[in-house]
Every structure is written in structure tokens, then in C-alpha cells.
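Notes follow once the structure below has been shown.
Per chain, numbering begins at 1; letters A, B, ... match sequence-line order.
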There are 2 protein chains.
Amino acid sequence: MHIGRLGEFGLIERMRKSIKVDSSVIVGSGDDCAVLKFDKKYFQLFTCDMLVESVDFTKQTDLALVGRKALAVSLSDIAACAGLPRYAVVSLGLPKGFSVRQADKLIKGMVNLANVHKLNIVGGDISVSSKLVIDVSMLGIVEKDFLVKRSGAEKGDIIFTTGSLGGSIKGKHLKFIPRLKEARFLVENFKVNSMIDISDGLAQDLGHILVASRKGAVIYEALVPKSKEAETLEDALYSGEDFELLFTMSRTQAKKLLLKQSRAFYPLGEITGKIGSLKLIRKNGKEKNIEKKGFRHF
Amino acid sequence: MHIGRLGEFGLIERMRKSIKVDSSVIVGSGDDCAVLKFDKKYFQLFTCDMLVESVDFTKQTDLALVGRKALAVSLSDIAACAGLPRYAVVSLGLPKGFSVRQADKLIKGMVNLANVHKLNIVGGDISVSSKLVIDVSMLGIVEKDFLVKRSGAEKGDIIFTTGSLGGSIKGKHLKFIPRLKEARFLVENFKVNSMIDISDGLAQDLGHILVASRKGAVIYEALVPKSKEAETLEDALYSGEDFELLFTMSRTQAKKLLLKQSRAFYPLGEITGKIGSLKLIRKNGKEKNIEKKGFRHF
């Protein structure tokens, strides 16, 4: 069987079943970060992301933006767990013809973003590769009380996102701001029940919350915050790499958030008890099933 | 300037200069592992290694051995710091035609070795890539008293290795045993001054110890433990991927080790005060300078 039929998530699920972990692993593979025992106050977060030329960026992309993105996607995973980033190691697969000037640009893009977030780049590995490959692994910490998982959504929760969605391919995927501040603002002031970052599209990543939480959801067409770059509603539902946070909280907490809010949080739907059901309420009031599809690697 | 002129180590040095780290980083990039503050008793170790098809293995290599090697090289880095491996995350860049059966083999190779070392595989990422790429990031811990760095070699230290060297390309590079047990045996019973794993060849990796420790060394042709697969002395000096440990300890400690030893440790030379000098004493007693060269990625 070709791996395309199983898909990325099928393969991860398959790996998960064959792997044993001990009791120090609070959350293993499958969430945005692994969550590990650390000390009395904190859990440790551990995540990795690989960027590949011709998939995540092109040969023509400004290498400073490529370096920036390589760190930003992992920072977004730390944000999705409401964590504080601490350390990263970077593996580079560089084409034989790569110049020192190109390497400097790539590194500059990484270092600049690392400095913004007081992230320590502490090591790396360099190999030859036919196409440019960058893999970043990141460690963070999160207060035990503040950890938010995908699996905590409750019936009646309001679903929010931290920004507008769709059309990221036109540039945002290289320049997005990892929502670390927003995540910390949320967990420090509210009770967030579930959270994920939108890397593969609203429908698919909401789908991950629904599966992990054993719930359903409705979203309202009129409320979906379509970005200027999104041409259609479908772009906002199914296109990847927005790297906004998607989170849910009780109606009471949601009201508090909407009253207090100084930043932009967009309510766009509601968690239901219908396991696995994901519906769109059209502007005309009609219901429509949404496929939990999105960006597919294979 | 082409990156080949700067080389892997030149590029790492260049990156290092542009990166700021805070006081929680005990050892940053450049050693086998980054060493980070952890708790009262332990430091945390953090390392990553990328394997690329056609460089580190071929399209024909048994994928179970490829998976095994991907973990083993990072385990060897943890061993070089005398640590205990704890957690790993794995990024896979898979060619489009990759089958589920191939993925299963790769994963089996990883999981089997992880189980041997009670290593928890806790997460990963999957991308499309024209050639197979595997990046493993690993966390370990080491008692503060047991940490061994590259920089601690002292004049008069005896230089040892944990096994025979050379000709790894004929198969050992896929099947080597990471020297975790040997490293722990050493630090639990002796005072080890410096240690590194031989990934790029004896001459080059001993060179790293000499640079970090600001020392020189002589090695004795008659004592170099040439493996059966090594055809010439040069193979044992310059060929990579033996993944044996190279370590130094005082003459007194070395005598104790040689008396007590139940496992194989091979003394092969001595640390001198001549900074940067690396000499071979021939079987006929004549001296010869050794280049601190070895495997070059570019």
C-alpha cells in the first residue's frame, strides 16, 4: 500500500501503536508538542518540524524568510500548548552548491526570530542534501495548570481563532507571528479547554480537536474570519499554514473574553455533542457537512 | 564563497558567533550535545542528527538498519557526554512513492533500538522529500559530576578508544552499538577528563578534543586498534562513522582502568602540551605529523 492512502496522520497513528513510552510521558506523539514530566511547577514541551525546499518554500524564497519560518512553525507548536519556548537545535541539509552568503542569510532569519523570543539555539547538525532541508527541534516549558491539550473541548464550548484565515500561500506562511503572546494571555486570564495551531487548515485542525475530545462542532459561515488573501470560503476552511491558534472555552469564559478583549479573538462556532460531526451554518441558515480535510502531504 | 571552503565546522563556528544564549546553557553548540541546566542533580543533554539518502545510506540499504542508525548516532552523542538517553522526536522526509511496508520497516528499526535503551519516542513530523531524510533529536540527562566535555584533556593524559577503528563503511556504520554502557562504566568508576564519539575519524575527532582543550597529542601506530575491515592505517585514522568513544584520563586513572578492565578499552596515545600538534609515532620509532582531517560533508 502506498503511503498516500494511509496519509500523514494514519502513519503517525501506526507509529504510535508500536511505540512504548514510560509514565514520565504525559502526552506522547499526536499533539502539537510532546509533554514530559519536568519539575514541581512545569511540564517540558518537545516538538520538531521539518521544512523541505519545493514543499514548504521554493528555491527563489528569500532565505532569511526560510530560516524565520523554520523556527516559527515550532514556536507555533509551543504556543498551541500555551508554553514558553526555551531551546532549539537545528539540522541543516544543504545542497552542494550552497554559498556561505546563503547560509548567513538563513541563519540570520533564524537568529533574529530566536532573539525576539529569547530562544536559545544550542546546537545543530549539517549534512549534504540534494534539496535544502531544515529541521528544528524545540524545547519549552509550561506551568502544569496552564497546559492546554487538543482533547479538552466540552459540549457548548465556543470556538475561537486568533486571526483571519486563508490564502496564507500568498505570503503569510513566511511571515506569520507565532501566537505565543496570545496563548499566554489566554491561559493566564481564562480557562481554555482545548487548543491547536492551524497548520493544515481550519477544518482539518478543528477535526483533530473533535477526534481527540470525542465531540462535534458547528461553525458559522458569517463568523469565519476570511483573510484578504482568501478568495473563497473554501480557502479559509481548507488551506493550510495560517498558524493561528484555534481554541475552545465555555460560554461563560467566552463572554468574559469578548468583554475584556483588547486583542483580536474571533468566535466562529460551537462544540456539540455529536461525535465526529462538523457542520457549517450558511448565511442563509442552511446546514452543510464540512469534510475534515485540509493540506495533505501525500 | 562556496560552503565547501568553510566546511561544516567553519559554518558551525560562524553560526555560534551570531547566536546569543543565556546562562542556563552550560555548553552550547559545538560539543556532541548541548548541556542545559535541569535540576539539582542532573544536567539535560540535547542533540540532533540528520541522515540523508545517498550520503548516510543508499536506496538499497535495509530500512530497518536505516531506522536503527538514525537513533544510534544520537545515542552515541549522548554516550559521548556520559549521559542517559530519555526522549526522542523524529522528523521524516519521505519520497512520494514510499510504501507503508517501507515505513513499517524504518519504524521497526527505530523502535527496537529505542526499547533496548528505554528511550521514549514522543513525537515527530512527516514531510514529502525527493530523497529519504531522517532527523532525530534526543534528550538525555547526566549527573553534574559525571559530565565529560571535549575541553578537559590534560597534558600527560592517556588517550583511549572503546573499539577498533576503520572500514566502518563495510557495514559497522549501520550496526554499531552506541557506547552508552561503556561511558557509564567509565564515569562511575574513573575520572575521565575528555570524551567525544568518533563520527568523522580518529584524527579529526581527536583534533576536536585538542582544539577544545588547547593541547597536542601523539598516537602510536603500534597501538592503533585497526579493525578487520580497515585496509590501511589511514583507514583507521581518517575514515568516519566508527562511533567508538575517544577519551582521555590521567596516567594513574589509566593504570587503574587497565588493571580493572573487564571490557575492551584500547590505549593508543598521549596528550601533550604542544597546542595543535598531532603526531604519529611509527613502528620504527620515527615521528610523522598527522593531519586533523577526516570525513568531510562538503
Side-chain angles (χ1 to χ4, degrees), chain A residues 1-3 6 8 11-12 14-15 18-22 24-25 28-29 33-34 36 39 46-52 55-56 87 89-94 96-101 103-104 107-108 111 114-115 118 120-131 133 135 137 139 297-298, chain B residues 1-4 6 8 11-12 14-15 18-22 24-25 28-29 33-34 36 39 46-52 55-56 87 89-91 93-94 96-101 103-104 107-108 111 114-115 118 120-131 133 135 137 139 297-298:
Chain A
M1 181 167 60
H2 187 278
I3 217 161
L6 198 61
E8 181 187 2
L11 187 60
I12 289 171
R14 203 176 172 94
M15 280 183 76
S18 66
I19 289 169
K20 288 178 243 168
V21 295
D22 66 36
S24 69
V25 180
S29 65
C33 297
L36 310 171
D39 65 14
F46 192 13
T47 182
C48 64
D49 290 280
M50 183 180 274
L51 299 194
V52 181
V55 179
D56 300 287
Y87 306 103
V89 292
V90 180
S91 290
L92 299 175
L94 303 180
K96 283 220 166 166
F98 216 66
S99 73
V100 174
R101 211 170 139 185
D104 281 345
I107 292 163
K108 200 179 165 195
V111 169
N115 290 344
K118 296 193 175 124
N120 297 287
I121 299 177
V122 295
D125 186 35
I126 299 175
S127 287
V128 175
S129 167
S130 51
K131 296 208 170 193
V133 181
D135 191 76
S137 290
L139 290 176
H297 289 283
F298 294 93
Chain B
M1 181 168 60
H2 187 278
I3 218 161
L6 198 60
E8 180 188 2
L11 187 60
I12 290 171
R14 202 175 172 94
M15 280 185 74
S18 66
I19 289 168
K20 287 179 243 170
V21 295
D22 67 36
S24 69
V25 180
S29 65
C33 297
L36 310 171
D39 65 13
F46 192 13
T47 182
C48 64
D49 289 281
M50 182 180 274
L51 299 195
V52 181
V55 179
D56 301 288
Y87 307 103
V89 292
V90 180
S91 291
L94 304 180
K96 284 220 164 164
F98 215 67
S99 73
V100 174
R101 212 171 137 185
D104 282 346
I107 291 163
K108 200 179 165 196
V111 169
N115 290 344
K118 297 196 175 122
N120 298 286
I121 299 177
V122 294
D125 186 34
I126 300 174
S127 287
V128 175
S129 167
S130 51
K131 297 209 169 192
V133 181
D135 191 76
S137 290
L139 290 176
H297 289 283
F298 294 93

TODO: Dump the intermediate steps for side-chain contact (heavy atoms from CB on, under 4.5 Å) on B:Leu139 and A:Leu139, then the final yes or no.
DONE: CA-CA 10 Å; B:Leu139 290 176; A:Leu139 290 176; 3.5 Å; yes

Using heavy-atom distances under 4.5 Å, tell me whether [X] contacts chain A through its side chain, its backbone, both, or neither.
| X | result |
| --- | --- |
| B:Leu51 | neither |
| B:Val111 | side chain |
| B:Asp49 | both |
| B:Lys131 | side chain |

Between the main-chain N or O of [Y] and the side-chain N or O of [X], is there a donor-acceptor pair closer than 3.5 Å?
| X | Y | value |
| --- | --- | --- |
| A:Asp135 | B:Asp135 | no |
| A:Ser137 | B:Ser137 | no |
| A:Asp22 | B:Asn120 | no |

TODO: For residues A:Val133 and B:Met50, report the shortest heavy-atom separation together with the two atoms involved.
DONE: CG1-CE, 3.7 Å

Task: Residue among B:Ile121, B:Thr47, B:Val90 with most heavy-atom pairs under 4.5 Å to chain A - done: B:Ile121

TODO: Could you tell me which of A:Val21, A:Val25, A:Val100 has the largest number of non-hydrogen atom pairs under 4.5 Å with chain B?
DONE: A:Val100

Task: Residue selection (most heavy-atom pairs with chain B, distance under 4.5 Å) from A:Cys33, A:Ser18, A:Gly97, A:Cys48 - done: A:Cys48

- [ ] Could you look at A:Ser130 and say if it's the side chain, the backbone, both or neither that has a heavy atom under 4.5 Å from chain B?
- [x] side chain

Open item on the list: Please classify the contact of A:Ile107 with chain B as side chain, backbone, both or neither, using a heavy-atom distance under 4.5 Å.
Closed with: side chain

Open item on the list: Can you confirm whether A:Val122 sits close enough to B:Leu36 that some side-chain heavy atom of one is under 4.5 Å from a side-chain heavy atom of the other?
Closed with: yes

TODO: Hey, could you give me the CD1/CG distance between A:Ile19 and B:Asn115, rounded to the nearest 0.5 Å?
DONE: 9.0 Å

- [ ] In sequence, state the C-alpha distance, the side-chain angles, and the governing distance for B:Arg14 and A:Asp104, and then conclude on salt bridge (charged side-chain N to carboxylate O under 4.0 Å, His left out).
- [x] CA-CA 8 Å; B:Arg14 202 175 172 94; A:Asp104 281 345; 2.6 Å; yes

